[in-house]
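Report on the following structure.
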Amino acid sequence: MELERLFGPSAPVVARAFDQFPDGVAAYATAGGAPGAPLRCVYVNAAGDAALAEVIGARLRDADAEPPCDLALEHGGARLELRAVPMGDGVLVTFRDVTAMCRGEDAAERMAAIVRSTEDAIVSVDRDGRITHWNRGAERLVGWSAEAILGHSVRRLVRAEDMPDQSARFQRTLSGRSVERIETRWVRQDRTLVDVRLTASPLRDRDGGVVGVTAVVHDITRSKRIEAELRRSNAELERFAAVAAHDLRTPAITLVHLARLLAAAPDRAPDREALADRVRQLAALAESAATHAQRLVDGLAEYARTAHTPPASEAVDLGALAGDVVAALGPELEATGATVEVAPLPSVLGDPGGLSRVLQNLLVNAIKYRGDAAPVVRIDAERDDGAWTVAVADNGQGVTERDRRRIFDIFARAHAEDAVEGSGLGLAVCQTIVEHHGGRIWVEPAAGGGSVFRFTLPERMLADEPAR
């Protein structure tokens, strides 16, 4: 048989061996054994196909490449992978149908392209928590490049206080259960914080074993800010409505009443001199009411500007900021004999102008509403539950329990209006600025007398390294 020309006396044994192969095997020999003669198929194993072997033979005759070589062939909608090896005066070819494998590779490539281009971060870690996959969305979200973060622990993205919850979720996912729509904060490369919502799923191998965790992470910072803005805007509308319904209504009613008195003055005055005195008296009262109304309107305009001006967002050294405020108030502090103690303060992410105004208003109030002793004010801060609480404590007159909530309303004042000069707007502005930063402000009695004004600033920048 012609197969013996390729394999000699062992051709029958080789043929039986080839018949056990899962891939197709075909042998081609030159006609008559003459060099350069055309190839013809002399053998096809059991897994092969005679008609297909003829097509492969034609492909070999047309191919520019000389065996040994790898070739590819499209036939009947199928994709074939060929390997041609010279054998004696012929060629031995193995071939397999790789259509399904190519389809799988195409699908995998499409999926990989989706993962690479999606806006969301997609992060995978192994069972030890080392990062094994990091897409472009993760780079945009956190700032680390794939080259810089791959192989490092996922702890690099987690605050120390979040580690117990993070570890519990990680172990739950390794046990085969998904964790869906968890809201937390991640640490960026610049150590600022970003609000995220993540869904974590087990990462399995071909046998179904869990080899790690994959998480899809969505940046919700903007939606969080919008929700906070809506809540703040609703609160401001309520405050404006209260002012319009009460504070502005009062001088308007007064002016209407005075206008009626002026109209009736000629009928009630006994003579021209008495009439002139009555008119001057009523005019003075009308001017006072109009001035009060103007002050209210101007105050509302100032409050509105503060409420609707988007705050800046940059690193702010509160210690340096407090020092600048104390220096600016130097003449007032010296005139009243006031002392200001500034404890070590953190750096935060916020609006330096707004935060400066908060500290200045609180210090000015401490001086205005001082007691008999010279004012002593202390500014310090402490970190708790993902936020900084800044405290401004004084030894002044204090605030009664009844007034502790209302003094933050527009034009509300804890003391008689003629006792201390002021518009009653400072604390309302402070509250608006603090709420712009996502925090809150309140007042408590100080130990030994006086008041402690406290306001929170949600932590947006870590002072310490995250967990490792």
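- Under 3.5 Å, the side chains of T214 and S124 contain a donor-acceptor pair of N or O atoms.
- A donor-acceptor pair under 3.5 Å is absent between the side-chain atoms of T173 and the main chain of P202, judged by distance alone.
- The CZ atom of R156 sits 9.0 Å away from atom CD of Q189, with the distance rounded to the nearest 0.5 Å.
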| query | Is there a salt bridge (charged side-chain N to carboxylate O under 4.0 Å, His left out) between R136 and D120 once you walk through the steps? | reply | CA-CA 9 Å; R136 292 175 186 170; D120 285 340; over 6 Å; no

| request: Determine, stepwise, if the pair F95 / L52 fulfils side-chain contact (heavy atoms from CB on, under 4.5 Å). | output: CA-CA 10 Å; F95 54 95; L52 182 57; 3.8 Å; yes

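- E81 CD to R79 CZ: the interatomic distance, rounded to the nearest 0.5 Å, is 10.0 Å.
- At a threshold of 4.5 Å between non-hydrogen side-chain atoms, the residues V13 and F18 do not count as touching.
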| salt bridge (charged side-chain N to carboxylate O under 4.0 Å, His left out) evaluation trace for R159 with E459 | CA-CA 11 Å; R159 297 182 302 170; E459 188 177 45; 3.7 Å; yes

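- In this structure, the side chain of R454 does not engage the main chain of V443 through any donor-acceptor pair within 3.5 Å.
- Residues V392 and D394 form no side-chain contact, since every pair of their non-hydrogen atoms from C-beta on lies 4.5 Å or further apart.
- Pairing each heavy atom of I367 with each of L333, the nearest pair is CD1-CD2, 3.3 Å.
- Considering all non-hydrogen atoms of both residues, G398 and S451 come closest at CA-OG, 3.1 Å.
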| request: Kindly indicate, with the supporting measurements, whether the criterion side-chain contact (heavy atoms from CB on, under 4.5 Å) is fulfilled by I122 and V217. | output: CA-CA 6 Å; I122 300 179; V217 187; over 6 Å; no

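- The shortest heavy-atom contact between W144 and R188 is NE1-C, 4.4 Å.
- No donor-acceptor pair closer than 3.5 Å links the side chain of E314 to the backbone N or O of P352.
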| said: Using side-chain contact (heavy atoms from CB on, under 4.5 Å), reason through L355 and V348 one step at a time and then give a plain yes or no. | reply: CA-CA 10 Å; L355 295 175; V348 298; 4.1 Å; yes

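- Under the 4.5 Å side-chain criterion, counting only non-hydrogen atoms from C-beta, V340 is in contact with I379.
- To the nearest 0.5 Å, atoms CH2 (W388) and CZ (F455) are separated by 12.5 Å.
- Between the D219 side chain and the V196 main chain, no donor and acceptor come within less than 3.5 Å of each other.
- L321 and V316 get closest at one heavy-atom pair: CD2-CG1, 4.1 Å.
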| message | Determine whether V377 and T339 satisfy the following criterion, side-chain contact (heavy atoms from CB on, under 4.5 Å), listing intermediate values before the conclusion. | response | CA-CA 6 Å; V377 186; T339 302; over 6 Å; no

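- Listed for the S167 side chain is no donor-acceptor partner under 3.5 Å among the backbone atoms of P164.
- Scanning all heavy atoms of the two residues, the minimum distance from A46 to D19 falls at N-OD1, 3.0 Å.
- Taking OG1 of T184 as the start and CZ of R169 as the end, the distance is 5.5 Å to the nearest 0.5 Å.
- The only option from T192, D162, D195 that meets the side-chain hydrogen bond (donor to acceptor under 3.5 Å, both in side chains) definition with R185 turns out to be D195.
- Each of H218, E183, E180 was evaluated against R197; a single residue qualifies, E183, per the side-chain hydrogen bond (donor to acceptor under 3.5 Å, both in side chains) test.
- Atom CZ of R357 and atom CG of D351 lie 11.0 Å apart (nearest 0.5 Å).
- Paired with R83 under the rule side-chain hydrogen bond (donor to acceptor under 3.5 Å, both in side chains), one option of T94, D23, D70 passes, and it is D70.
- Panel note: side chain Y43, backbone Y28; no donor-acceptor pair is recorded below 3.5 Å.
- The main-chain N or O of D128 is found under 3.5 Å from a side-chain atom of D126 such that the two form a donor-acceptor pair.
- Under a 3.5 Å cut-off, the side chain of D205 and the backbone N or O of D207 do form a donor-acceptor pair.
- Residues V358 and I433 meet the side-chain proximity criterion, which asks for heavy atoms closer than 4.5 Å.
- Taking every heavy atom of both residues into account, R127 and F170 meet most closely at O-CE2, 3.5 Å.
- Rounding to the nearest 0.5 Å gives a distance of 4.0 Å between CD1 of I149 and CD1 of I131.
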